[in-house]
Amino acid sequence: MRPAPTILHLDMDAFYASAEQAAKPSLRGKAVVVGGLGPRGAVATASYEARRLGVHSAMPTAQARRLAPNAAYLVPRFSLYRTVSDQVMELLGRLSPLVEPLSLDEAFVDLEAGGTADDSASARATGEGLRVAIRAVTGLSGSVGLAGSKMLAKIASEQAKPDGLVLIEPGTERELLAPMSVRILPGVGPATGDHLRRAGMTTVHDLAEAGEAELVRLVGKAHGHGLFRMALGLDDRPVVAERDAKSVSVEDTFDVDLHDRVRVRAEVERLAVRCVERLRAADRSGRTVVLKVRRYDFSTLTRSETLRGPTDDPTVVREAAARLLESVDTTGGVRLLGVGVTGLADYTQEDLFAQAADARELAQRALEHHAPTAEGGEEEAVPDPEADSAEQLAARRWPAGHDVHHEEHGHGWVQGSGIGRVTVRFEEPWSAPGRVLTFRIDDPLLRPADPLPLVRESPDYSSWPASLPKSRSSGAAASGGGESSP
């Protein structure tokens with residue numbers, strides 16, 4: 001534990017949904033749900049307006065529609081989210097060389113390592129300055145937690161939501177944690193929480209009072225030891241700038257179970273190429289190919305094959321995945337398929353099996369059937385176009401919420417499509433709510449477009465955070481608030 005609250009945790013507020021509201025003036029202040037829209041879709045993010053109606057992340061979209069029938073339901077636009085995430089991470093990198101991203105919208109920052117804070121006053125000033133900078137550059141809000149450990153900084157940012165800052169003064173940890181639910185601690189999920197509840201422990205204070213020996217008896221040595229330390233507010237984990245990936249994988253969940261064995265194999269081959277695309281994007285190769293199959297009854301099977309050396313050849317991975325599929329019984333139907341590569345390395349061993357297929361042609365064929373991610377971690381399947389109806393094709397060409405451009409009416413976004421028509425609202429992030437027009441899905445003047453920036457003219461933050469109050473170690477007196485526990 002540090003003697004000063006110099007670990008910062010940033011969590012963007014309802015990130016995907018907030019980005020969509022910022023991009024679409026007509027949706028501001030309204031319920032927005034982002035995620036998979038098919039029968040098996042799940043909510044990735046819900047705006048705070050939708051959360052007040054009971055919608056939350058990971059909820060089936062069908063259930064969300066029952067709770068919030070009038071909400072806007074949108075397909076994720078990951079190109080936009082990644083662009084905004086890059087802007088945020090660039091700002092964090094200006095605060096410290098030690099930035100540990102956890103996802104597109106969440107990261108830890110070691111302020112002490114960057115010389116931007118060494119006490120409560122300078123940490124608070126840095127956190128507030130960060131929130132202002134994020135709003136100016138992206139148009140979005142983020143919540144900031146500051147504490148002497150990663151665990152407490154994350155708890156603080158959760159308490160700061162939405163659009164706030166909470167600083168936990170070192171020395172107040174146990175008093176702060178004591179009345180909180182055991183579920184606030186990392187690693188305490190529903191099952192562990194229920195197990196502890198049956199033992200009469202519902203608050204963090206109960207865990208601290210029970211003692212380490214009792215917790216070890218209840219949940220095992222490794223978990224019990226860590227749980228007791230967390231209950232005391234102790235967490236010595238450092239902020240790690242490089243989080244080395246152990247595997248690369250791609251999964252698709254299908255709206256309708258696949259029964260055709262030929263179709264299943266074709267999907268596995270497509271996933272294999274997409275997996276290699278991600279592998280190459282990370283400048284890595286892998287030695288072990290893993291196939292994941294979730295069947296109609298939710299039983300999940302995994303198979304793996306270790307190659308003679310690392311590869312990033314799509315043909316090698318495709319054929320290995322196809323061999324693994326031969327050992328899996330898909331009778332009855334398949335609802336999810338996944339292909340992954342583990343045993344990552346920074347080099348390749350070419351021509352492992354003297355493949356004759358042209359890898360570039362295979363990759364191009366896969367790209368033609370590529371679909372955007374639809375729900376947290378999984379991606380919507382793209383069936384053979386010849387087997388799809390015109391409505392299914394239209395839904396994929398004109399996903400709800402995605403950007404379009406009309407040669408006469410300008411930039412807009414898809415409100416929905418059906419019966420051979422696509423409805424578009426024409427507006428930009430910096431405009432007033434726009435008008436709605438409907439076109440034929442094959443209108444030659446209408447085409448998909450790239451997302452617009454959320455801020456029309458982003459301010460110059462090239463010298464930031466030089467204007468922030470300096471930490472004492474840099475020779476300047478710190479300024480800021482005093483007591484700042486939640």
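A side-chain donor-acceptor contact under 3.5 Å links Lys24 to the backbone of Gly401. Between the side chain of Tyr81 and the main chain of Pro76, no donor-acceptor pair closer than 3.5 Å is present. With hydrogens and angles disregarded, no donor-acceptor distance shorter than 3.5 Å links the side chain of Glu407 to the backbone of Leu445. With Arg447 contributing its side chain and His405 its backbone, the two residues share no donor-acceptor pair below 3.5 Å. Side-chain atoms of Glu251 never come within 3.5 Å of backbone atoms of Gly338 as a donor-acceptor pair (strictly under, hydrogens ignored). Of the possible donor and acceptor atoms, one in the side chain of Asp13 sits under 3.5 Å from a partner among the backbone N and O of Asp163.
Between Val109 and Leu10, the closest side-chain pair of non-hydrogen atoms is not below 4.5 Å. When side chains are defined from C-beta on, Val339 counts as touching Val268, because their heavy atoms get closer than 4.5 Å. Annotation: side chain of Arg82 is in contact with side chain of Leu104 (closest heavy-atom distance under 4.5 Å). Residues Met12 and Ser18 are not in side-chain contact: their nearest non-hydrogen atoms beyond the backbone lie 4.5 Å or more apart. A heavy-atom distance below 4.5 Å is not found between the side chains of Ser57 and Tyr16.
Checked for salt-bridge contact, Lys30 and Glu20 miss the test: no charged N lies under 4.0 Å from a carboxylate O. Between Glu158 and Lys154 there is no salt bridge, since no side-chain N of the basic residue sits under 4.0 Å from a carboxylate O of the acidic one.
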### Message
Show, in sequence, the C-alpha distance, side-chain angles and deciding distance for Leu307 and Val317, and conclude whether the side-chain contact (heavy atoms from CB on, under 4.5 Å) test is met.
### Response
CA-CA 9 Å; Leu307 309 174; Val317 176; 5.5 Å; no
### Query
Given the rule in the side-chain hydrogen bond (donor to acceptor under 3.5 Å, both in side chains) test, do Thr300 and Arg294 qualify, once you have shown the distances and angles that lead to the verdict?
CA-CA 4 Å; Thr300 302; Arg294 181 168 297 152; 3.0 Å; yes
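The salt bridge (charged side-chain N to carboxylate O under 4.0 Å, His left out) test with Glu269 is passed by exactly one of Arg274, Arg318, Arg263: Arg318.
There is no side-chain donor-acceptor pair under 3.5 Å between Asp110 and Ser96. In the model, Asp11 has no side-chain atom that pairs as donor or acceptor with a side-chain atom of Ser143 under 3.5 Å. When only modelled atom types and interatomic distance are considered, Ser285 and Thr311 share no side-chain donor-acceptor pair under 3.5 Å.
Classification of the His409-Phe439 ring pair by plane angle, with boundaries at 30° and 60°, yields tilted. Between His9 and Phe108, the ring-plane angle classifies as tilted under the 30° and 60° cut-offs.
Judged by the 6.0 Å distance and 45° axis criteria, Arg65 is positioned over the aromatic ring of Tyr73.
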